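Have a look at the structure below, then the notes.
No experiment lies behind these values; they were computed from the predicted model shown. Letters A, B, ... are given to chains in the order of the sequence lines, protein chains preceding strands, and every chain is numbered from 1.
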2 protein chains.
Amino acid sequence: MSQPPIRPSDGELAILRVLWSRGLSTVREVHDELLKDREMGYTTVLKLMQIMVEKGLVTRDESSRTHVYRASQGEERTQACLLNDLLQKAFEGSAKSLVVRALSEAQADAAELDEIQAFLDGLKARKP
Amino acid sequence: MSQPPIRPSDGELAILRVLWSRGLSTVREVHDELLKDREMGYTTVLKLMQIMVEKGLVTRDESSRTHVYRASQGEERTQACLLNDLLQKAFEGSAKSLVVRALSEAQADAAELDEIQAFLDGLKARKP
DNA sequence: TGACAACTACGAATTGGTTCGTAAACTGAG
DNA sequence: CTCAGTTTACGAACCAATTCGTAGTTGTCA
């Protein structure tokens, strides 16, 4: 049931973000996208993505000369893993204190607060 | 105003957790506490805590032979930093989606959900 | 075809985190 | 006082992440 824990590093996460938003992508496309944020060499991205293949973070289609990459886990699944990790490491497993701290820090506007509240109501309805 | 971002590593965070819960502590006390979770050498903890002094993560009182350590940042401040980091790296800065994902994953019981809701109400009251 | 551009593979250097052994300084009990 | 135990300091090894240079291959096009 539970898959091996996926803990992408910062660099890996940056690449995954691109793959999640763009979908199937080549190294060049990912590199171009990352360049908007910060300077980095093409082969740096290539190497990272090759390692990510070995780790199973991404898969690639090698049928054409230019390989095409895809994130092997969905964004939500990965977000959940990272949150769970932080939850254990820094919040003693208490989701409540994590959520409260997140809400305290973030400048969520009223509309967002409403959405969160609605979501919360839905949860409570499902839990008698 | 904003302090330099504090990003403790996993090992450092484990030590900070002990300092937060115990308060002023010696290396031995921290080591004993960490041993409950996993095997590790005394000098490993010592070295880590020495490095943390250099980084400013902890301060120490060297007036007695056995140094006494203290976390230099409060737990909440550090939690906020870590959450903010994750927010940017994995949630595109959207606190709402972070909170929603946390609530979806966690098995918060009804009482906890109530507390969160109360907190949310408080927030909304303060934001016209 | 020949040259240039794009792409992959790979090795090497660097950095940061973690681990621990050893040595030196100090403390306290006998 | 002496010695065994405790503590600090420090260096070395190791691993993972990151970065990039170089080499070799493939595709394009003039």
- Out of dA17(D), dA9(C), dT18(D), which has the shortest distance to the side chain of Gln50(A)? dA9(C)
- Note on the structure: Heavy-atom nearest nucleotide on DNA chain C taken for Lys55(B) and for Gly41(B); more 5' hit belongs to Lys55(B)
- Item | Lys47(A) side-chain N/O to dA17(D) phosphate OP1/OP2 under 4.0 Å | no
- Task: Indicate yes or no: does Glu12(A) engage Lys55(A) in a salt bridge with an N to O separation below 4.0 Å.
- Result: yes
- Give the rounded distance in Å between these two atoms: CG of Leu48(B) and P of dC10(D). 16 Å
- Message: Side chain of Thr43(A), heavy atoms from C-beta onward: which of dA6(C), dC20(C), dT22(D) has the nearest atom to it?
- Response: dT22(D)
- Query: In terms of side-chain heavy atoms of Arg65(B), which of dT6(D), dA9(D), dT26(D) is nearest?
  - Reply: dT6(D)
- Note on the structure: Rounded to whole Å, the CG-P distance (Leu13(A) to dT18(D)) equals 10 Å
- Taking the side chain as C-beta and beyond, is there a heavy-atom pair between Arg28(B) and Thr66(B) under 4.5 Å? no
- Below 4.0 Å: OP1/OP2 of dT7(D) and any side-chain N or O of Arg28(B): yes
- Are Glu105(A) and Asn84(B) close enough that some pair of their side-chain heavy atoms sits under 4.5 Å apart? yes
- Rounding to a whole Å, what distance do you find between Leu34(B):CG and dC20(C):C1'? 16 Å
- Message: Tell me the interatomic distance from His67(A), atom NE2, to dC10(C), atom C1', rounded to whole angstroms.
- Response: 14 Å
- Please report, rounded to the nearest Å, how far the C1' atom of dT18(C) is from the CE atom of Met49(B). 15 Å
- Message: In this structure, how many angstroms lie between the C1' atom of dT8(D) and the CG atom of Asp61(B), rounded?
- Response: 15 Å
- Item | Between C1' of dA9(D) and CD of Glu62(B), the distance in whole Å | 12 Å
- So, is Tyr42(B) close to the dT8(D) phosphate, meaning a side-chain N or O under 4.0 Å from OP1 or OP2? yes
- Message: Which residue in the set Ile15(B), Val18(B), Val45(B), Leu19(B) passes side-chain contact (heavy atoms from CB on, under 4.5 Å) when paired with Glu33(B)?
- Response: Val18(B)
- Message: Students often get this wrong, so: under 4.0 angstrom with heavy atoms, is Ser9(A) touching a base, only sugar-phosphate, or nothing?
- Response: sugar-phosphate
- Would you indicate which nucleotide in dT7(D), dA9(D), dT18(D) comes nearest to any side-chain atom of Thr66(B)? dT7(D)
- Can you find a pair of side-chain heavy atoms, one from Leu98(B) and one from Leu98(A), that are under 4.5 Å apart? yes
- Protein-nucleotide distance (Ile51(A), atom CD1; dC10(C), atom P), rounded to Å: 12 Å
- May I ask you to decide if Lys89(A)'s main-chain N or O and Arg17(B)'s side chain share a donor-acceptor pair within less than 3.5 Å? yes
- Query: Given that Val27(B) and Glu12(A) both sit by DNA chain D, which one's nearest nucleotide is further toward the 5' end?
  - Reply: Val27(B)
- Would you tell me if any nitrogen or oxygen in the side chain of Arg38(B) comes within less than 4.0 Å of OP1 or OP2 on dT19(C)? yes
- Item | Any Arg60(A) side-chain nitrogen or oxygen under 4.0 Å from OP1 or OP2 of dA9(C) | yes
- Item | Candidates dT8(C), dT18(C), dA9(D) - which lies nearest the side chain of Leu46(B) | dA9(D)
